[in-house]
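For clarity, every value in this text was computed on a predicted model and none was experimentally measured. As the structure lists them, so they are numbered: ligands from 1, and atoms in each ligand from 1.
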Amino acid sequence: MINEQIENILNEQINKEFYSAYLYLAMSAFFNESGFFGLANWTKVQAREEIDHGMIIFDHILERNGDVMLKEINAPDVEFTTPLEVFTLAYEHEKTVTASIDEIAKDSQDECDFATRNFINWYIKEQIEEEAQTLDIVNRLKLFGDDKAALYHIDAELGLRVYEPPAL
Ligand code: OFO
């Protein structure tokens with residue numbers, strides 16, 4: 001059985017993960033409309049990963065005999081401009097998700113919910129990757145984003161990303 005506080009914070013995290021999927025889908029649509037098909041692919045693959053992140057928590061709550069409470073998902077309220085600004089926003093967003101995962105780790109430790117404390121380790125590791133990969137793209141866009149040929153190559157490279165289900 002899962003206690004109410006942990007159940008609530010996990011349900012909120014499901015919502016945040018699905019919001020992340022919405023945010024990356026909005027980015028993907030923007031890139032698609034702007035002709036950056038590689039960036040559109042990368043963000044679309046990321047949106048699928050975010051749905052997986054939400055679903056893994058969904059399953060954890062049910063396995064622990066808790067209640068899944070699905071809440072409204074906000075529409076992303078952002079204006080996209082350049083690839084650099086979009087990926088800077090993605091990186092900043094990932095930092096907020098990391099903070100939220102850390103909060104779950106802290107609360108589950110405080111509440112002696114060691115099953116959730118152990119479960120959330122996968123997300124702690126995942127967030128290192130989420131931040132690193134968005135920051136890497138930000139840095140490359142900062143260095144080469146004004147050069148059209150370089151931007152073309154970055155777009156082509158990110159177009160190669162293929163969705164893979166998470167390895168738990
Ligand atoms: Fe689910 O990690 Fe990104 O947001």
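In Gln127, the part holding a heavy atom less than 4.0 Å from any atom of ligand 1 is the side chain.
Counting atoms of ligand 1 from 1 in the listed order, those under 4.0 Å from a heavy atom of Ser20 are 4 (O).
No N or O atom of Gln46 sits closer than 3.5 Å to an N or O atom of ligand 1.
The N, O or S atom of His53 with the smallest distance to atom 1 (Fe) of ligand 1 is ND1. Minimum-distance N/O/S atom of Glu50 relative to atom 1 (Fe) of ligand 1: OE1. Within Glu17, the N, O or S atom lying nearest to atom 1 (Fe) of ligand 1 carries the name OE1.
To the nearest 10 degrees, the angle centred on atom 3 (Fe) of ligand 1 between OE1 in Glu130 and OE1 in Glu94 reads 90°.
Using a cutoff of 4.0 Å between basic side-chain nitrogens and carboxylate oxygens, Arg117 and Asp113 are not scored as salt-bridged.
Leu135 contributes atom CG, which lies 8.5 Å from atom NZ of Lys95 (distance to the nearest 0.5 angstrom).
Between Phe87 and Trp42, a ring centre-to-centre spacing shorter than 6.0 Å is recorded. Two rings, from Trp122 and His53, have their centers less than 6.0 Å apart.
Contact of the Gln13 side chain with the Ile9 side chain is not registered, since no non-hydrogen atoms from C-beta on lie closer than 4.5 Å. Taking the side chain as every heavy atom from C-beta outward, Tyr163 and Asp52 approach each other to under 4.5 Å.
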